[in-house]
Each structure stands twice: as C-alpha cells, then as structure tokens.
Amino acid sequence: MFEGLDGIDWASMEHAYGTAEEIPALLWALRSPHTEERRTALDRFYGAVHHQGDVYPCTAASLPFLFELAADGATPDRAAVVELLVSIGRESLERGFEDDGAEIEYYPPSGYVQAVAFLRERGVEFAELARDPDPDVRLAAIGGLGLFLDDADRAAAVLCERLAAESGIAARLQVVQAAATLALRLPTALHQVMDWLAGLADDPAQCPVTRFAALIHRARCAPDEIGEDVVPAAVGLLRETARAIPVRPIAWAPSCSAASTDTVAPQIVAAFEDLDRHTRVYAPTTALLRTFHEALGARVPERTRVLAEQLNSPDPGSRLDAIRMSGELIRTWRGDHTRLLLLVADQLTTADEEVAVEAAAVLESCHPIATQGREALASHIDAQRAAHGPDVWAAPQALLRRSHQEAVRALARLGDARALPSLLAALDSDVDAWRAIQVAGHLPQAADELVPRLGDHLRRIDLSQQWNEMSANAILAALTALGDPAAVPAVLETLGAAVRHEQHGVTRSALKALAAFGPAAAGARDTIRSLTTATDAHVRPAAVAALWAADGDLAEVMPLLLSLLDDRITFRISDAADLLGEIGPPASVALPRLRNLLTHDYEWVRVHCAAALWEIGGEAEAPAVLDVLLQAMAQNPATANHVVACLDRMGPLAEPALPLLREQLALPRRGGRYQSVDHDEELQRVGRILIARLDPPAPKASAARTA
C-alpha cells in the first residue's frame, strides 16, 4: 500500500497552512479502523490540502494514493475518498482553465493542471467505481464520468446504464447532471446527450424528478435555445416533483459557533452563524433549481414564475431555499420584482419560524424596493407581540427571537415607526442590542427616544479593548444618520477615549458624526483642530471635514485641503475634493490643482476631482469635467452613481452623456457602487430623470394638424 509515498519530498511543498509534510500521516489515517481518526484526517485534508477548493502541487501529488484508497475494498469510508477525488478534479477544471480551455497561470504555482491531467488518465476507473456494490461509492463516483472520462461514447453508455439501474433520487439526479457536464466538456457528445435528455424529459414512464432534471440540464447545455415552452413545462414538472417527494419538517440546527462574545464583537459571531446557516440546503431539488435559474439568467419574468411555484411548495425546506433564491434574483437583476416581493412577504404568515426568518431577512436586504412587504411585516410583529408579550425581542426560544428581530429590522429599514417599540426594548434590555443599533438610523422621526439610549450604550463601551471598535462605529453611524445635536456630548466623550486608546477607526467615525451635527459641534473645535494633523490616513481628512462643518472658517481649512490634494493616498485626495465641492465657488483657489488631478492614474480620484471642479468652477469647467466623468464611467461602471449625480447637477450641459446613460439603463444586471439594490435603484432613478430632462419626447401633433 502507498508504494512511493515516502519517496516524495512532501516537506518541500506547502498547503494552505504551511508545509505539506503531514500528508503521508493523513493518508494513512484515512485507512484507520477508528472512525474519529478518519474523520479528523478528512477534515484536515479539506481544511488544509484542499482548502476552500484550492488545489496545490501537494494536493495533486496525493491523488495516486487517494485512488489506492478508493480502489481498496478494505478502506473504510471509501465513498468519502471518492467524493474528495471528484471535488479536487471539479475545482481544478473550474479554476485552472479559461473558458476556451487555455491554462490559467497562477503564482505561486498551483496543482490544477497536474490534477486534471492525472484524473483524466484514470477516467476509466470512475466507470468502474460507478458500478461499485456500495451505493454510496457509486453516488460519489458518478460525477467523475462527466468530468474525467474522455471516451464520450463509453461515458454516455455507462450513464444510461446507471440511470436504468439506480432507483434513488440522489443517484438519478447525479447521472443526469453528469451527462450534461459531459456534453459541455466534450462537444462531440453534445447532440447525443441533448437528444437523450429531451427523450427523458418527455418520457411519462420516468419519475417526475428525473424528467425535471433532464429538462433543466438540457437547458443548461444550451441556454440560448431555451424556448417559450420550457418554463411552463418546468413549472408543471416542479409541481409533480413536489407531490412525489415527501414533505419533511425543517431540522433546526443550533448555532455551531463557539466564539465568546466577551472577546469577539457580536456582529462577527453572528456573521459566522449566518454563513453556517446559508450553506445549508433544505430540499433535494435545490441544486437542480439553482442550475435552472443560472441557465435562465436575465429572464426575470420567467424566473419569477418558477420561484412562485417554488414558494407554493408544501415542503417548508423547499420554500426556505426558494426565499433565498428570490433574494439573490432581486439583488442581482433589474426588473419588476413586485410580485416576487409580495410572495416572499406572504411567507411571514407560515408556522415554520425558519421560513419566516428567511423571508424577513430577504425583505431587509432588499429594503429600498420592499415597501410591498411593509404591512405583512407590521402584522407579523404585532402578532408576535400579542402572543408572546412586549419582550418578544428577547424571547428565550431562539427561532422565535430571530424571527421577531429580523422582521423588526426589516420594518425599521423601511423607516416605519411601528418597529420602534421593539427597538427600544432591545436598547433598554441590552439583549442583542447591536441588531437594533444597526437599523436605528433609519428612524429619524424617533430621534428624541433613540439618541439618549444610543448615547448611553456608546458611553458604556470600553475602547481600551480593540474588539469593541465595531460596536462603537455602529452606534456612531446610527447617531450620524439621526443627525440630532443632542448626541454631541456622548460623541465628544467617545472621541476623547478613542484618541487616548489610538482607536483610529472610532476616531474617524466620531469626527464624521460631529461633521453631521454642523455648528452644533462648535464646542469641539479645539479637539477637532488638533486632529487635522493626525498621522492616521483616515483621521486627518475626517477632522478637516468636521472642522469646516463646525466652524466654517475658510481661511483655516483651505491650506489643510490643499495639502490633502497633494497627498499620495488616493482616498485622502477624494475626501478633500468632496469637501471642496461642498464649499463651492469660495474654494476657487483649488481650481488649478483640481484641473491637474483630472489626469490622475486612478479613475476614482478623477471622478471626485471632476465633480469638485464643476461645483467650484461651474460652466467654464464643463467640457473637461464631462470628458473625465464619461471616460471613468465607461472604464469602471462602479463609479456610475458618483458620475450620474454630478451629471444631474450639470443640467443641460450633460447632454453628451445621453448615449452612455441609455446604455447603462439597458443593462439587465444591477450596477453602480457595489452593484447593490440601493445604489442601483438610485442610479436608475436619477438616470431616468436625466434622460427625460435632456431628451424629452417630442409633443404629439394635434388632431387638427394631422388632418
């Protein structure tokens, strides 16, 4: 066993966490008679040698020995080893080659190409493993037929054989998926596989799950050929599939996070818990449906129709997965999402708390366009408070607590004051208060009740502990959004503590808050002024902005701003340009430097400086400003929000931007900064207003003139 294993210089290779010299011990441990030893070795292999799908030279070097384990009937957990082999190969194919098959060059050197070459040499062995007496081994091996066996006829024949022989849903789905993978990898197999899949989809003798899979994977093979009949057929088969698969309750899994909130910010703990939850799949058809949605791409109405059927499933796990897919569609693609948002909001009435939690979370993430869910959220919150009392935010039942908190957060994001009682209860009880703090800034109408409580929380934060930075920043951001000068004393105390403990991130956040309060922060001038010479890259521009807001002394801030324009740090230049634009024509002394910065290497600097140039110099600067803005938007679409906002202020002089604006609004995917719902919706809104203003439709001829 493992002949040649000790002849490899494992110590000369590395995996994700350093030297690969432990690999021989891991391979031997995979043959151990002790379950825990095997499990630990497999976890380590995935965690270090195949870390997050990476394939290192040491990963490729281990493949012959993994094959020995897979082929040896005495190996326990052979299916897990085969699954590892397929995963290494799949990731190598996806990451190691361009769409045209050319090798991608990596530095440091990777093992992707070596892994693929080796696995294709052994492709025939996957055909044997796919016929193994152990059903788990067969299930794990089937995917390898589509990925590694280069004899298309043989691979297709084995897949047909396996489909006829396998009765389990998981195995049949794997066979159909492997066939499509084969067709996409080997063009010579495409027509044969497409015809086979079409026959399966139309065959009433096949179970609905198989027919559904065949229809979807045929669409995957040729997404440009999806006809008008495909989605109705898919919806019908999805309905049949839902009836064929037993309905199962969602198996709730408690948090697996072992992090202590005494040393880690609660936001971080929650982020890992969410990551763990979002990797779970609750329905056997979810992966298949994701494949279908990927094939449909920008066809938002068709995808909405499919999701509507998914959301109507009697199976709660299928609905939960469908809610997540709905959120992904809304956040990624433009279109009319009214119907889908209403369907998601309807899921709040379910008795399955996990489903309600996910529905509220999607409405929160899509809040700029989720007003359709407002009343459903408010009703859900009222019902929970009526059934469980006013302290339901802190309910001991984890699912109930999460369901209520997510709904309250979503309603608060919509600016609805009906979320306020629960937010106040959270701040008063200090149970998961950070969740309330994150959304408090969306309720400025309740600043008189929120600001004192937020100030109390801010004062209690110990800034001598670095991990408290995130919590302090969140409160300061909420106070900044609320804009109530009553917060100034608490912010000033925090600013002093942040400076003492060299918490530069908190210092910057406190300065931004003071800038939002304007002249109300005048009493802090001396403290602010002392920070305008700070060495931290972020603190200095924030201090200059706060000083201008509090004092408005142009003679004092102009030298500071001109110095920032000469900085090598790009965001300092951009911050200075933004403030100069806010000052406007009185900052005309900065015009020569701003003009010079229009040729800066970084497009973001050019955009900010061009906008400032317009605000200060006006019409005389319009040609140069317009040229910079349009070039930057074409080069980097992420600048679109900044560009369009400046174009909007330029009025009729922005007319040359019309072609680029139309091109931007015609894109099916969301755009703008971070390609997020809020930035993209604002981009579309301003873009449509601009187009209507710059190129109004011609008036219709009167009936009399026409006659």
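- Under a 3.5 Å cut-off, the side chain of R334 and the backbone N or O of L667 do form a donor-acceptor pair.
- No donor-acceptor pair closer than 3.5 Å links the side chain of D416 to the backbone N or O of L411.
- Residue L424 holds its CG atom at 4.0 Å from CG of L420, rounded to the nearest 0.5 Å.
- Heavy atoms from other residues, nucleotides or ligands lying under 6.0 Å from CD of E94 number more than 12.
- Without hydrogens or angle criteria, S403 side chain to L399 main chain gives no donor-acceptor distance under 3.5 Å.
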#### Entry: D484 and L450: CA distance, side-chain angles, deciding distance, side chain to side chain contact (heavy atoms under 4.5 Å, CB included) verdict
CA-CA 10 Å; D484 188 343; L450 289 168; over 6 Å; no

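- Applying the side-chain hydrogen bond (donor to acceptor under 3.5 Å, both in side chains) test to R413 and every residue at least two apart in sequence or in another chain returns E364, H442.
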### Message
The test is side chain to side chain contact (heavy atoms under 4.5 Å, CB included); show your working for L363 and L348 and say whether it passes.
### Response
CA-CA 10 Å; L363 292 172; L348 291 167; 4.1 Å; yes

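- Within the 3.5 Å criterion, the main-chain N or O of I573 finds no donor-acceptor partner in the side chain of H608.
- Distance check, rounded to the nearest 0.5 Å: CG of L694 to CZ of R662 gives 9.0 Å.
- Side-chain contact between H404 and I381 is present, with heavy atoms from C-beta onward closer than 4.5 Å.
- Looking at heavy atoms from C-beta onward, R606 lies in side-chain contact with Q635 at the 4.5 angstrom threshold.
- Put simply, the side chain of L443 does not reach to within 4.5 Å of the side chain of E449, judged on heavy atoms.
- Summarising the geometry, atom CG belonging to D346 is positioned 11.0 Å from atom OG1 belonging to T350; distances are rounded to the nearest 0.5 Å.
- Applying the salt bridge (Lys or Arg N to Asp or Glu O under 4.0 Å) rule to pairs touching residues 304-316 yields R239-E309, sequence neighbours excluded.
- Side-chain contact between L476 and K512 is absent, with no heavy-atom pair separated by less than 4.5 Å.
- Proximity of L458 to L479: side-chain heavy atoms (C-beta onward) are separated by under 4.5 Å at one or more points.
- A distance-only check finds a donor-acceptor pair linking the side chain of Q405 to the backbone of W393 [under 3.5 Å].
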### Query
Does the salt bridge (Lys or Arg N to Asp or Glu O under 4.0 Å) test come out yes or no for R685 and E682, once each step is laid out?
CA-CA 5 Å; R685 185 189 69 80; E682 178 67 9; 2.8 Å; yes

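- By the 4.5 Å heavy-atom criterion applied to side chains, L307 and L343 are not counted as neighbours.
- Checking side-chain atoms of R572 against main-chain N and O of I569 turns up no donor-acceptor pair under 3.5 Å.
- At least one donor-acceptor pair under 3.5 Å links the side chain of H50 to the backbone N or O of D54.
- Going from atom CG of D648 over to atom CD1 of I689 covers 6.5 Å, rounded to the nearest 0.5 Å.
- Using the six-membered ring where Trp is involved, F571 and H538 have ring planes that are parallel, under 30° apart on the 30 and 60° scheme.
- A pairwise comparison of heavy atoms in A654 and L647 identifies CB-O, 3.6 Å as the closest pair.
- The two residues L197 and A214 have their closest heavy-atom pair at O-CB, 3.4 Å.
- For the atom pair S313 OG and R243 CZ, the distance stands at 11.5 Å (nearest 0.5 Å).
- By the 4.5 Å heavy-atom criterion applied to side chains, V607 and N636 are not counted as neighbours.
- Between D321 and R290 there is no salt bridge, since none of the side-chain N atoms of the basic residue sits less than 4.0 Å from a carboxylate O of the acidic one.
- Of the candidates R331, R670, R669, D680 forms a salt bridge (charged side-chain N to carboxylate O under 4.0 Å, His left out) with just one, namely R670.
- R90 and E83 are not joined by a salt bridge, as no carboxylate oxygen comes within less than 4.0 angstrom of a charged side-chain nitrogen.
- In terms of modelled atom types and a separation under 3.5 Å, the side chain of R401 and the main chain of A394 share no donor-acceptor contact.
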### Message
Could you go through S676 and H679, starting from their C-alpha distance and side-chain angles, then the distance that decides it, and tell me whether this counts as side chain to side chain donor-acceptor pair (under 3.5 Å)?
### Response
CA-CA 5 Å; S676 61; H679 285 108; 2.9 Å; yes

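- Across all non-hydrogen atoms, the minimal contact from G687 to V644 is N-CG1, 4.1 Å.
- In this structure, R248 places its CZ atom where only 12 or fewer heavy-atom neighbours from other residues, nucleotides or ligands lie under 6.0 Å away.
- R220 and T181 share a side-chain donor-acceptor pair at under 3.5 Å.
- For the atom pair CE (M470) and CD1 (I475), the distance works out to 13.0 Å, reported to the nearest 0.5 Å.
- Judged by distance alone, with hydrogens and angles left aside, the side-chain atoms of T291 form a donor-acceptor pair with the main-chain N or O of A287 at under 3.5 Å.
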### Task
Take V230 and F292 through the test side chain to side chain contact (heavy atoms under 4.5 Å, CB included) and record every step on the way to the result.
CA-CA 11 Å; V230 172; F292 193 36; 4.0 Å; yes

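- For V677 against I369, the heavy-atom pair with the smallest separation is CG1-CG1, 4.1 Å.
- The residue from E358, H380, R319 that alone fulfils the side-chain hydrogen bond (donor to acceptor under 3.5 Å, both in side chains) condition with Q347 is R319.
- For the pair V306 and L238, the tightest heavy-atom approach, listed with the atom from each and the gap, is O-CD2, 4.1 Å.
- Scanning both residues, A412 and L423, for their nearest heavy atoms gives CB-CD1, 4.1 Å.
- Counting heavy atoms from C-beta outward, L629 and C646 have side chains that approach closer than 4.5 Å.
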### Task
With side chain to side chain contact (heavy atoms under 4.5 Å, CB included) as the test, would you mind laying out the steps for L414 and L377 before giving the verdict?
CA-CA 10 Å; L414 293 170; L377 286 165; 4.0 Å; yes

